[in-house]
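Structure, as structure tokens:
Per chain, numbering begins at 1; letters A, B, ... match sequence-line order.
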Number of protein chains: 2
Amino acid sequence: MRQRRRGSVQRVTMSDVARVAEVSPMTVSRALNQPDAVRPELRERVQEAVRKTGYIHDRIASALASHRSGMIAVILPTIASSMFSDSVRGISEVARARGAQIVLAETNYSVMEEEAAVAALLGRRPDGFIVIGTIQSERTRSQLVRAAVPVVETWDTTEEPVDSLIAFSNRDAAQAMTEALADLGYQRIAFAGVANGDRRARLREEGYRAGLTARALHAPQVVYVEDLTSMRSGALVADMVTALAPQPDALFCLNDVLAAGALLALQRKGLRVPDALGVAGFGGFDFAEHLVPSLTTVDVPRYAIGHEAACVLMDRIEGLADAHKISRTEFQICLRESTRDIIL
Amino acid sequence: MRQRRRGSVQRVTMSDVARVAEVSPMTVSRALNQPDAVRPELRERVQEAVRKTGYIHDRIASALASHRSGMIAVILPTIASSMFSDSVRGISEVARARGAQIVLAETNYSVMEEEAAVAALLGRRPDGFIVIGTIQSERTRSQLVRAAVPVVETWDTTEEPVDSLIAFSNRDAAQAMTEALADLGYQRIAFAGVANGDRRARLREEGYRAGLTARALHAPQVVYVEDLTSMRSGALVADMVTALAPQPDALFCLNDVLAAGALLALQRKGLRVPDALGVAGFGGFDFAEHLVPSLTTVDVPRYAIGHEAACVLMDRIEGLADAHKISRTEFQICLRESTRDIIL
DNA sequence: ACCAATAATGGTAGCGCTACCATATAACGA
DNA sequence: TCGTTATATGGTAGCGCTACCATTATTGGT
């Protein structure tokens with residue numbers, strides 16, 4: 001007799017369950033996947049047999065046979081930002097409710113790593129992809145199209161989404177904030193961004209520049225940091241901005257982490273916010289409204305984006321929705337204590 | 001001829017690649033999985049054929065045949081806390097380097113959801129599990145043991161880990177902080193925890209109580225909130241603590257989010273920290289050292305825990321490490337401006 | 001009472017890959 | 001020179017499940 005394959009542990013299979021329940025393997029499969037297609041009595045017997053044998057339904061074999069893996073791939077820049085982790089929570093909630101699991105890959109804001117992540121996850125044959133951000137690489141885009149897998153991009157707009165999109169315009173949002181600051185009476189608004197940023201970062205900076213133009217203000221004053229995810233960078237921003245000439249009266253940061261870091265560093269320097277310098281962020285993080293002074297920010301429905309993305313994706317997967325659906329989500333300018341109405 | 005199965009798209013398989021490269025499918029498999037076992041010339045030809053055909057290695061079929069899925073399951077309370085998302089980053093980094101992918105499930109601090117999550121992920125036949133926290137459910141524990149899958153628990157100690165453990169003692173850490181506060185001269189130290197908390201929460205509270213006893217201080221004064229992940233809860237803590245009689249002179253919070261929320265709420269009430277009330281947190285979050293005043297906290301190597309856990313797990317999976325390895329990681333008491341030396 | 005339509009089960013043939021063994025070829029020593 | 005061992009490739013038989021069809025039991029209409 002043939003030797004047992006290496007690594008193969010004696011495993012309870014569907015046939016074992018079938019034998020115990022005295023039905024065919026097919027009936028076990030049905031009882032598990034479409035309970036309504038099996039007479040209640042047999043269903044019971046199968047469930048009982050599953051319990052007795054400690055059977056675990058092998059979703060790997062199931063995926064191979066059915067071409068449905070029940071996994072959704074999530075691609076994001078980094079998990080260590082409440083920006084995106086809140087969206088992942090939204091995805092996770094929907095996935096759990098609808099019996100799917102999440103496979104995760106981080107890109108560290110790099111297009112190359114995005115390519116690698118998508119390529120690696122495609123081999124898992126996920127039922128769909130959710131991308132935090134839009135697909136940047138042309139090669140990746142065509143891979144996804146060729147694989148004919150549903151894709152939901154999020155957190156940005158784009159002219160040509162791969163498939164579906166949960167969109168808000170980072171550019172418009174940043175412009176709206178810049179104009180809101182101008183409308184409060186701020187005359188010199190500086191911007192803190194990242195060098196070599198991703199598309200969202202570039203678009204926010206563009207929005208800032210457009211806002212200045214729209215309000216016929218001064219030439220842009222931009223400072224750059226390397227790392228956009230740490231408060232320490234925000235402290236660097238504070239240093240750089242206070243050294244600018246002419247001295248800005250407001251600072252608009254790429255995100256709330258930088259803004260909070262800057263705000264706190266300014267406090268530490270003894271500069272009062274908003275009297276010495278108005279500060280605004282982007283993202284609507286939890287801590288923004290709790291800081292003293294509370295932080296003016298662009299609030300973005302982070303959780304809702306993930307939730308909606310997952311719903312759209314699951315509907316696509318189950319054939320309930322059409323491709324190329326574009327949903328808009330709304331950002332909201334939240335003016336708080338870190339900026340004030342100068343005109344009053 | 002038999003109809004094509006529903007859902008089956010014309011897909012490039014290993015046989016197609018083999019035909020193009022003019023080798024056998026087995027050689028393609030080897031060229032992909034153990035390149036050194038194939039002559040360089042053939043390897044080249046296979047790689048060329050892969051490129052030409054746009055072949056994507058199907059890891060589902062591979063997993064079924066080889067009993068190695070290349071996935072690691074990560075179970076955590078919630079992704080929306082930098083506590084755990086930093087650890088996930090550490091895991092993700094190692095996974096990427098070693099060619100594995102991460103499947104994620106959240107438990108929302110609930111034992112029932114932990115059971116459900118493990119059960120669901122077991123069906124994916126992951127090569128191993130990383131649990132943020134220790135396994136709470138006896139049923140889940142025995143499921144994992146029966147499945148003979150490597151497990152690394154983290155973020156806590158336990159008498160009997162399922163398998164391996166990356167440990168630090170929440171109890172000892174909380175006790176150490178309580179004693180450190182006592183040593184600064186604080187006389188009445190209150191604690192903010194969660195009602196119906198998980199094991200870590202309970203242990204931290206225990207540590208607090210033990211610390212009071214060790215320093216022969218007053219009876220414990222504990223306030224509880226429902227939600228431990230929001231700053232708003234921290235603000236509630238501030239309200240509750242200022243209403244306590246006798247009035248505490250220090251507040252030790254279950255985590256840094258609560259502590260930061262409390263600290264900022266106290267500022268907003270016009271109470272000065274640390275003069276009116278010392279505040280300490282737990283977790284060593286990024287923002288703790290940037291707050292004004294900076295937050296005294298128990299620093300925990302969040303990223304390193306994830307990184308180490310993933311390394312241990314991968315070694316276990318690849319047979320390089322033994323089971324039941326227990327690594328200790330160190331916490332660190334960081335005394336900062338939110339507490340001060342009263343004795344001086 | 002008989003046939004058509006419906007519902008519930010079972011049998012079979014893969015899904016796409018890799019473990020295992022068999023085979024062929026090269027390298028090597030005596 | 002001839003076996004003898006190492007090295008490289010190929011063939012085959014599954015991994016555990018489900019799509020598809022065949023079969024049987026049940027229902028309903030006339």
query: Using a cut-off of less than 4.0 Å, is there contact between a side-chain N or O of B:Ser29 and OP1 or OP2 of C:dT18?
result: yes

field: No-H, no-angle donor-acceptor pair, A:Arg125 side chain to C:dG16 base, under 3.5 Å
entry: no

- prompt: At under 4.0 Å, does any side-chain N or O of B:Ser24 touch on OP1 or OP2 of D:dT9?
  reply: no

message: Given D:dC17, C:dC17, D:dG16, identify the nucleotide with an atom nearest to the side chain of A:Arg11.
response: D:dG16

query: Over how many whole Å does the gap from A:Glu22 atom CD to C:dG10 atom P extend?
result: 11 Å

- line: From CZ of B:Arg124 across to P of D:dG16 the rounded distance in Å is 17 Å

- request: With the side chain of B:Thr13 defined as its heavy atoms from C-beta on, choose the nearest nucleotide among C:dC17, D:dT18, C:dG10.
  value: C:dC17

- prompt: Atom CD of B:Gln34 to atom P of C:dT18: distance rounded to whole Å?
  reply: 9 Å

Criterion side chain to side chain contact (heavy atoms under 4.5 Å, CB included) against A:Val312, the qualifying member of A:Val94, A:Ile317, A:Val152: A:Val152

query: A:Ser62 has a side chain; which of D:dT18, C:dC17, D:dG16 sits nearest to it?
result: D:dT18

- prompt: Only one of A:Thr107, A:Thr140, A:Val149 clears side chain to side chain contact (heavy atoms under 4.5 Å, CB included) with A:Val118; which?
  reply: A:Thr140

message: Rounded to whole Å, please give me the gap between CG in A:Leu64 and P in C:dG14.
response: 14 Å

- line: Quick note, A:His67 side chain, CB onward, closest among D:dT12, C:dG16, D:dT18 is C:dG16

- line: Whole-Å distance, B:Leu42 CG to D:dA8 C1', equals 9 Å

message: Check this for me: does any side-chain nitrogen of one of A:Arg141 and A:Glu138 sit under 4.0 Å from a carboxylate oxygen of the other?
response: yes

- request: Among the candidates D:dC17, D:dG10, C:dT18, find the nucleotide nearest to the side-chain atoms of B:Val23.
  value: D:dG10

message: With a 4.0 Å limit, can you tell me whether A:Thr27 has a side-chain N or O closer than that to the phosphate oxygens OP1/OP2 of C:dG10?
response: yes

message: Without decimals, in angstroms, what is the distance between B:Arg43 CZ and D:dT7 C1'?
response: 14 Å

message: Under a 4.0 Å threshold between the charged nitrogen and the carboxylate oxygen, would B:Arg96 count as salt-bridged to B:Glu93?
response: yes

Interatomic distance, A:Met14 CE vs D:dG16 C1' [rounded to whole Å]: 8 Å

task: Round to the nearest Å and state the distance from B:Met26 atom CE to D:dG14 atom P.
output: 16 Å

message: Taking the basic N atoms (NZ, or NE/NH1/NH2) and the acidic carboxylate oxygens, is any pair closer than 4.0 Å for B:Asp315 and B:Arg98?
response: yes

message: I want to check one thing: is the phosphate of D:dT9, taken as OP1 and OP2, less than 4.0 Å away from some side-chain N or O of B:Arg39?
response: yes

query: For C:dT18, does either OP1 or OP2 sit under 4.0 Å from a side-chain N or O belonging to B:Ser66?
result: no

A:Thr158 and A:Glu160: CA distance, side-chain angles, deciding distance, side chain to side chain donor-acceptor pair (under 3.5 Å) verdict: CA-CA 5 Å; A:Thr158 168; A:Glu160 33 181 40; over 6 Å; no

query: In terms of side-chain heavy atoms of B:His57, which of C:dT18, D:dG16, C:dG16 is nearest?
result: C:dT18

message: Over all strands shown, is B:Arg30 touching base, sugar-phosphate only, or nothing at heavy-atom distances under 4.0 angstrom?
response: base

